[in-house]
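Beneath this line is the structure, given in structure tokens, with notes to follow.
Ligands are counted one by one from 1 in listed order, and the atoms in each one are counted from 1 as well.
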Amino acid sequence: MAATDALRRLDDDAAPDGLTEGDLLELYRRMVLLRTYDERSVVYHRQGRIGTYAIFWNHEAIQAGATFALADDDWIFPSYRESAIGLVRGMPAQTILQWWRGHPSGWWSPADWNVASICVPIATHLPHAAGLAWGKKLRGEDTVAMAFFGDGATSEGAFHEGVNFAAVMNAPVVFVCNNNGWAISTPVEAQTRAESLADKAVGYGIPGVRVDGLDVLAVHAAAREAVDRARAGGGPTLIEAVHYRAAPHATADDPSAYIDAARVEEARARECVGQYETFLRRIGLLDDERVESVRTEAEGLLRAGIAAAEAEAAPDPELLFEHAYVDPPPNLRHG
Ligand SMILES: Cc1ncc(C[n+]2csc(CCOP(=O)(O)OP(=O)(O)O)c2C)c(N)n1
Ligand SMILES: [Mg+2]
């Protein structure tokens, strides 16, 4: 499955429609913030400061590009791969770091940010997104929901239920499939006989589009079209953002046992933040000084985030049980 048959945009030097110079730089700032969060998190994990962590290195173009098409009132439904996506809404790094540290302060209130809780059970948040979008529509609000999930998620029943339900109810949902080629060690070829995951949209009667997942402007253009259509009453869209996973599934994974090293090299050579940086320099929007200041700001945010997370008091272990049962069973009661 080659990315070359997917929509690309960064090769074209023309300024993209509908994005101001300020927008283009803001998009860059968000990508760098996500990249910095991810790279620092791998270090924090190795230092024993956060738990097992799902690396999203080279997924920043998908996350920043797609969410940039949303209005502030729109909702984001992340999987574990998009754990830090709240950063684009101004959520403190401390909160997300606490999630990975297993601290209760890491469970934000979704209504504070219009970012749903991180869903680890694969694809289960797709029906949540469909339900929220349908509910908002019934109330006469024009809120759009955007759900992120992987290639493996398209084999789950909840994918079918969520996409079918959204389509039938004409709910304003944008389904963003991050096709990184792998579900841990299972390749996409073992998930489906469909030629592309975007083709699955046909079965639900909705538009499906395939974009290069390392091209932030292509992802954004597809997302903006989908968001506009959803808001105008045109129902859901399935976006397949194609790339090849260039980092381990998570800090507990050793992909050398199964991955194609040559394709990893290829994906790393086309890494998405660098590609966008090159584009911005070419059109005269970015120079060394600005690159440095954006990176320094992101690094400062992460440094402050981990310091604040570590300064919080340890949680009370009783909390583990407090919200699980109204009447705890005898084996969980203690004197
Ligand atoms: C319902 C469910 N089954 C199995 C798992 C174990 N699991 C964790 S990650 C993963 C792979 C998912 O792959 P994909 O949907 O492609 O997302 P990616 O990790 O590549 O972003 C699996 C099977 C799970 N979390 N939830
Ligand atoms: Mg995957």
Side-chain angles (χ1 to χ4, degrees), residues 1-3 6 34-35 37-38 41-42 45 51-67 76-86 96 99-100 102 116-130 146-163 174-194 196-201 208 210-214 219 238-260 263-264 266-268 271-272:
M1 186 171 289
L34 287 166
R35 171 65 55 90
Y37 181 95
D38 184 73
S41 289
V42 173
H45 169 75
T52 299
Y53 169 69
I55 303 160
F56 60 79
W57 196 89
N58 226 12
H59 293 63
E60 298 88 346
I62 300 173
Q63 299 179 12
T67 53
I76 301 170
F77 287 78
S79 81
Y80 52 83
R81 190 71 67 206
E82 295 81 26
S83 65
I85 208 153
I96 307 155
W99 193 88
W100 289 107
S117 301
I118 298 164
C119 250
V120 176
I122 306 298
T124 52
H125 52 307
L126 273 61
H128 303 169
M146 180 177 276
F148 290 87
F149 52 95
D151 42 288
T154 66
S155 300
E156 287 282 352
F159 168 81
H160 169 72
E161 289 152 13
V163 181
V174 179
F175 293 103
V176 182
C177 178
N178 144 47
N179 179 1
N180 59 15
W182 294 93
I184 313 182
S185 55
T186 302
V188 70
E189 294 78 13
Q191 294 283 353
T192 185
R193 280 184 64 166
S196 83
L197 298 176
D199 283 351
K200 296 195 178 199
R210 211 158 188 247
V211 298
D212 180 341
L214 300 184
V219 175
L238 173 61
I239 297 173
E240 176 191 1
V242 189
H243 61 129
Y244 193 82
R245 211 188 68 214
H249 167 75
T251 48
D253 174 43
D254 174 11
S256 67
Y258 59 84
I259 213 152
D260 181 340
R263 289 199 64 187
V264 170
E266 227 175 88
R268 287 191 160 262
E271 66 87 7
C272 64

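- Atoms of ligand 1 lying under 4.0 Å from at least one heavy atom of Asn180, given by number and element, are 18 (P), 20 (O), 21 (O).
- When only non-hydrogen protein atoms are considered, atom 4 (C) of ligand 1 lies nearest to Ile122 CG1, 4.2 Å.
- Atoms of ligand 1 lying under 4.0 Å from at least one heavy atom of Ala153, given by number and element, are 15 (O).
- Between Phe175 and Ile239 there is no side-chain heavy-atom pair separated by less than 4.5 Å.
- Near Pro121, meaning under 4.0 Å from one of its heavy atoms, ligand 1 places the atoms 26 (N).
- Ligand-side atoms of ligand 1 in range of Tyr80: 9 (S), 10 (C), 11 (C), 12 (C), 13 (O), 17 (O), 18 (P), 19 (O), 21 (O), range being under 4.0 angstrom from any heavy atom.
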Under the side chain to side chain donor-acceptor pair (under 3.5 Å) rule, what do Asp38 and Ser41 come out as? Steps first, then yes or no, please.
-> CA-CA 5 Å; Asp38 184 73; Ser41 289; over 6 Å; no
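- Tyr258 and Trp182 share no side-chain donor-acceptor pair at under 3.5 Å.
- Close contacts between ligand 1 and His249 involve ligand atoms 9 (S), 19 (O) [criterion: under 4.0 Å to a heavy atom].
- Rounded to 10 degrees, the OD1-metal-O angle spanning Asn180 and Trp182 at the Mg ion (ligand 2) equals 90°.
- Of all the heavy atoms of Asn178, the ones lying under 4.0 Å from any atom of ligand 1 belong exclusively to the side chain.
- A salt bridge (Lys or Arg N to Asp or Glu O under 4.0 Å) check over residues 51-67, counting only residues at least two apart or in different chains, returns the pairs Arg35-Glu60.
- Looking at Gly152 next to ligand 1, an N or O pair under 3.5 Å apart turns up.
- Arg245 and Pro255 get closest at one heavy-atom pair: NH2-CB, 3.8 Å.
- Heavy-atom contacts of Ala183 reach the following atoms of ligand 1: 11 (C), 12 (C), 13 (O), 16 (O) (cutoff under 4.0 Å).
- Below 30°, between 30° and 60°, or above 60°: for Tyr37 and Phe56 the angle between ring planes is below 30°, a parallel geometry.
- Among the candidates Ile122, Val176, Thr154, the single residue satisfying the side chain to side chain contact (heavy atoms under 4.5 Å, CB included) test with Phe149 is Thr154.
- Below 3.5 Å of separation, one finds no N or O of Ile184 facing any N or O of ligand 1.
- At a cut-off of 3.5 Å, with distance as the only test, no side-chain donor of Trp99 or Ser83 sits close to an acceptor on the other residue.
- Once rounded to the nearest 0.5 Å, the distance linking CD of Gln191 with CD of Glu189 reads 10.0 Å.
- Atom 3 (N) of ligand 1 has Glu156 OE2, 4.0 Å as its closest protein atom, hydrogens excluded (heavy atom only).
- Residue contact check for ligand 1: Phe56 places no non-hydrogen atom closer than 4.0 Å to it.
- When the N, O or S atoms of Asp151 are ranked by distance to the Mg ion (ligand 2), OD1 comes first.
- With contacts defined as side-chain heavy-atom distances shorter than 4.5 Å, the pair Glu156/Leu126 does not qualify.
- Contact between Phe149 and ligand 1 is absent, with no heavy atom of the residue lying under 4.0 Å from the ligand.
- Within the listing of ligand 1, atoms 24 (C), 25 (N), 26 (N) sit less than 4.0 angstrom from a heavy atom of Val120.
- The contact set between ligand 1 and Arg81, taken as ligand atoms under 4.0 Å from a residue heavy atom, comprises 18 (P), 19 (O), 20 (O), 21 (O).
- There is no protein heavy atom less than 4.0 angstrom from atom 6 (C) of ligand 1.
- Here the CD atom belonging to Glu240 is positioned 5.0 Å from the CG atom belonging to Asn179, to the nearest 0.5 angstrom.
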